[in-house]
Amino acid sequence: MLQLNYIRENKDEVLKRLSIKNFKDAESILNAVLEKDTARRNMQKDSDNLKAEANQIAKQVGELMKAGKKEEAEHAKAKTGELKLKEKKFDEQLKNLEDEIHSLLVQVPNAPSLKVPGGKTPEDNEVVFEHGVKPTLYANAKPHWDLTTKYDLIDFELGVKIAGAGFPVYKGKGARLQRALINYFLDKATAQGYLEIQPPIVVNEDSGYGTGQLPDKEGQMYHVGIDNLYLIPTAEVPVTNIYRDVIVKENDLPIKNCAYTPCFRREAGSYGKDVRGLNRLHQFDKVEIVQIAHPEKSYEILEEMREYVAGLLKELELPYRVLKLCGGDMSFASALTYDMEVWSAAQQRWLEVSSVSNFEAFQTNRLKCRFKDANGKSQLAHSLNGSALALPRIVAALLENNQTEIGIKIPAVLVPYTGFDMIV
RNA sequence: GGAGAAAUGGCAGAGUGGUCGAUUGCGGCAGUCUUGAAAACUGUUGAACCGUGAGGUUCCUGGGGUUCGAAUCCCUAUUUCUCCGCCA
């Protein structure tokens, strides 16, 4: 949620930034918000005065009673009846106005950074960096869904039997490769100063609202109805919610957390080649990095996180590219997002493996995650997160790109974790 | 799942109808002392909203109620703890 004060003071800038996201009704919504805000403030002033008066009378009654002036006290009491009625009316109207403002405000996406390119579709994303050489495969090379069968690494059919499509069963070296990647990613993140967190993988409603999955994306999460809990779609949800309703120390910024969790996504509406094999799953593993940052440092930190993720891909010897998402392709909450994609040699396409975003104060406004600045004033911190990394598509690319006639080569950095350097 | 108790500021913990936005301790911050630090001492220290300001309003888990007046009384929801049962 955008900050009301900020909109009030920087309306033109906010409008300009929102136009990058092609958000249509920005002007009319913001005008309505500001109008209602003015009305709300006036009403609060009136209401506060009324309450002050009532408080005065209550105090007087107390004093009169103590002094034994019963009659006068009764007289004063009588006066409050009327005030009370008015008070109730004011409170109701105030609450209505606040609700209206809130429901308008939650419709407004985060205002993109001015660095975000315009555009509407993924084609308009800007390639800012590309690294590595796309491998040329031998004649009989296969896509990963054939390789996983050939080497008995992943059983998709078995997953269907046990749970359903999109819940693969990893076996033998396939399972070991998963564990190796998770450990490798966690070790790297820890070395980079991220504190490892092992959060719950279900969250309550408040947490869902805190990071913005609720109410909009309710249908994308698995819901445990009997206890009203949601399976997390990403570790971002439980980890960021650690800082809900928290005032952190300015000196502690930036706070760096990482977490491995399984992630659960219903992916309603997906179909076709996008869902083949490991391309899109209902359950997958991911190591997430999260930072709570000082507002002045957040963009610097975004670049640092992007570099960090790129470093992982480089070590894994995967050809990758970095996209700066255009306004139309960005998520609702993001102010600037980099997508990292790896080249899948057998599918001949780029696969998104990480998304690194600066949310500025959009999430922290909802979360009420603040810090005290040098003047003792609380202000909202900025939040950022990124995948580092999501496993399935990394596995897909590793298998496809490194296949040879005699087996699949494991990149050197992973060998200490897998215990084997070749899948044969 | 059954029985009981509790929920107060960063933490601990007072407070049972008006003088309570809340005693006190710890922690934090600033200062004195010190070459520096520690200790000691002194001061300061919750949040949100309205207001240029003075100041005002709201908040003692959430919601509702009683009352001129509620942290305090009543109802309700949630959570936590203890005991019992079950159990990785």
Side-chain angles (χ1 to χ4, degrees), chain A residues 1-9 33-105 198-210 214 224-230 238 241-253 255 262 292 361 363-381:
Chain A
M1 202 164 63
L2 288 172
Q3 295 170 80
L4 188 48
N5 286 345
Y6 191 81
I7 298 175
R8 201 189 294 152
E9 282 154 30
V33 165
L34 292 179
E35 204 176 291
K36 284 177 194 300
D37 178 51
T38 307
R40 197 208 105 242
R41 274 147 66 207
N42 287 333
M43 181 154 294
Q44 184 177 343
K45 208 195 289 175
D46 293 344
S47 162
D48 282 0
N49 287 338
L50 205 66
K51 283 176 179 161
E53 199 184 328
N55 287 346
Q56 273 306 320
I57 293 176
K59 214 168 253 177
Q60 280 169 18
V61 171
E63 278 160 19
L64 289 170
M65 292 291 239
K66 215 186 281 173
K69 298 175 181 167
K70 236 184 166 177
E71 211 164 293
E72 282 176 58
E74 288 303 327
H75 188 72
K77 271 192 203 179
K79 249 167 58 183
T80 58
E82 198 186 328
L83 286 179
K84 251 178 118 176
L85 275 178
K86 268 199 212 167
E87 230 177 270
K88 211 163 199 174
K89 219 170 83 191
F90 271 131
D91 281 348
E92 250 168 52
Q93 286 175 339
L94 256 177
K95 200 179 168 296
N96 283 342
L97 274 173
E98 273 162 18
D99 288 349
E100 284 170 32
I101 292 170
H102 185 258
S103 63
L104 284 171
L105 226 38
Q198 212 174 95
I201 60 174
V202 294
V203 292
N204 57 25
E205 244 176 286
D206 284 348
S207 297
Y209 280 104
L214 294 174
V224 185
I226 191 169
D227 290 313
N228 198 20
L229 294 170
Y230 294 86
N241 269 284
I242 293 173
Y243 306 99
R244 169 155 50 88
D245 292 323
V246 167
I247 299 182
V248 299
K249 294 207 179 87
E250 189 174 18
N251 287 339
D252 290 343
L253 297 175
I255 295 169
I292 305 294
Q363 278 187 332
T364 51
N365 190 26
R366 260 201 211 191
L367 290 163
K368 300 226 182 331
C369 169
R370 294 160 294 181
F371 69 94
K372 272 212 174 126
D373 64 21
N375 304 321
K377 268 228 136 221
S378 323
Q379 45 171 307
L380 294 172

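Chain letters run A, B, ... following the sequence lines, proteins first and then strands; every chain starts at 1.
- A gap of 36 Å separates the C1' atoms of B/rG63 and B/rA54, to the nearest Å.
- One atom, CG of A/D252, and another, C1' of B/rG27, lie 14 Å apart when rounded to the nearest Å.
- Atom CG in A/N42 sits about 14 Å away from atom C1' in B/rC49, given to the nearest Å.
- No donor-acceptor distance shorter than 3.5 angstrom exists from the side chain of A/T80 to the backbone of A/A76, with no hydrogens or angles considered.
- At a threshold of 4.5 Å between non-hydrogen side-chain atoms, the residues A/I201 and A/P262 count as touching.
- Rounded to whole angstrom, the span from the NZ atom of A/K59 across to the C1' atom of B/rU19 amounts to 9 Å.
- What separates CG of A/L83 from P of B/rG69 is a distance of 10 Å, to the nearest Å.
- Rounded to whole Å, the distance from CG on A/L64 to C1' on B/rG69 is 13 Å.
- For B/rA22, there is no paired nucleotide, since no Watson-Crick or G-U wobble pair has both relevant distances below 3.5 Å.
- A/N241 places no side-chain N or O within donor-acceptor distance of the main-chain N or O of A/R244, the cut-off being under 3.5 Å.
- Spacing between atom CZ of A/R370 and atom C1' of B/rC49 amounts to 12 Å, rounded to whole angstrom units.
- B/rU19 and B/rA71 have their P atoms separated by 9 Å, with the value rounded to a whole Å.
- For the salt bridge (charged side-chain N to carboxylate O under 4.0 Å, His left out) condition, the pairs that include at least one residue of residues 45-60 of chain A, sequence neighbours left out, are A/K51-A/D91.
- Nucleotide B/rC60 forms a pair with no other nucleotide shown, judged by Watson-Crick or G-U wobble geometry with both contacts under 3.5 Å.
- Between the CG atom of A/D206 and the P atom of B/rU79 there is a distance of 11 Å, rounded to whole Å.
- Comparing the same atom, P, in B/rG25 and in B/rA40 gives a spacing of 13 Å after rounding to whole Å.
- Ion pair A/E250/A/K372 not flagged as a salt bridge, since none of the NZ, NE, NH1 or NH2 atoms sits closer than 4.0 Å to an Asp/Glu carboxylate oxygen.
- The nearest heavy atom of RNA chain B to A/K377 and to A/A58 marks one nucleotide each, and the one closer to the 5' end goes with A/A58.
- Looking at residues two or more places apart in sequence or on another chain, you find a salt bridge (Lys or Arg N to Asp or Glu O under 4.0 Å) between A/E100 and A/K36.
- Nucleotide B/rC41 forms a pair with B/rG31, judged by Watson-Crick or G-U wobble geometry with both contacts under 3.5 Å.
- Between B/rG28 and B/rA37, the distance separating the two P atoms is 15 Å to the nearest Å.
- Rounding to the nearest 0.5 angstrom, the gap separating the CG atom in A/L4 from the NE2 atom in A/H102 is 11.0 Å.
- Taking atom P in both B/rG1 and B/rA12, one finds a spacing of 28 Å when rounded to whole Å.
- B/rU44 and B/rG9 have their C1' atoms separated by 16 Å, given to the nearest Å.
- Under the Watson-Crick or G-U wobble criterion, with both distances below 3.5 Å, B/rU80 is paired with B/rA5.
- Going from the C1' atom of B/rU76 to that of B/rU57 covers 27 Å, rounded to whole Å.
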Per-nucleotide protein contact string for nucleotides 50-64 of chain B (B base, S sugar-phosphate only, - none; heavy atom under 4.0 Å): SS----BSS------
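- Distance check on atom C1': B/rG10 versus B/rG4 gives 31 Å, rounded to whole Å.
- Taking atom CG of A/N228 as the reference point, atom C1' of B/rA77 lies 14 Å away to the nearest angstrom.
- Counting heavy atoms from C-beta on, the side chains of A/N365 and A/L2 never come closer than 4.5 Å.
- Looking at heavy-atom distances under 4.0 Å, A/K372 makes contact with sugar-phosphate atoms alone, never a base.
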